[in-house]
Each structure stands twice: as structure tokens, then as C-alpha cells.
Amino acid sequence: MKNPSSGKLVLASIIDYLGSVAENHQIDPFIFVLVYLISTPPFLWVSARLIGRVRRRRPLEALIFAWALLYIARPIFIFGGRASGSRSVARARAWRTQNAARRTQDR
């Protein structure tokens, strides 16, 4: 029988990871997760189409461009976010503190 709290533990660790990336790079964690969630499904779809076109030996130029753009969407946001100022850093720290407080209350 599966432990029902194991799903919560995995979700909490993912949230911690994304929060720590956002805090380490001084970016807004909400926008970081939003960019991550928006860019991942199209990236996977374009990757699948790219593999299919390689197998059928079809033209790849447009798909390679789209794949590269989706692949670098998150790093562009992370490195571009360093110039965003101290307000987003404070927001990221407050978000992380609230998250840690919620997790301790759930236990």
C-alpha cells in the first residue's frame, strides 16, 4: 500500500527546489515557475516532432529554431532576472519563509 503523504513530500521538494533556484538567482519565484510550466509542454512537443522529422528525413530548420528557443527560455529568464532589483529578492525570501512555515504546520 502506498503512503498517501509521499505525493505531498515530492511536491514539497519540487517547490523547495524551484524556490531555492529563484532565491539563489534573485528572481521572482512565481514568475520563474510560470515560465517553467509554460515552456515545458511546448518544448516536449517540439522535441517529439523533431525526432519524428529526423526519422523521416524532413526539413528541420523551423523546428530546430523553436526547440532552441524553448530550451533557453528558462536560462534567459534566470540570467535576465539578476538585474531586477532587490524587491524581487525580498519577495523570494518571504515566499520561501512562508513555504517553510506551512510545511512545519502540516507536520
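Computed from a predicted model, the values in this text were never measured in an experiment.
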The single option from I64, I51, L63 passing side-chain contact (heavy atoms from CB on, under 4.5 Å) against V46
L63
In this structure, would W67 and L69 fall into the same cluster of hydrophobic residues linked by side-chain contacts under 4.5 Å?
no
Please determine whether residues L44 and L50 belong to a single hydrophobic cluster, defined as Ile, Leu, Val, Met, Phe, Trp and Tyr linked transitively by side-chain heavy-atom distances below 4.5 Å.
yes
First locate atom OG of S39, then atom CD1 of I72, and finally report the distance between them rounded to the nearest 0.5 Å.
11.0 Å
Sidechain-backbone polar pair: S13 side chain, V10 backbone, donor-acceptor under 3.5 Å:
yes
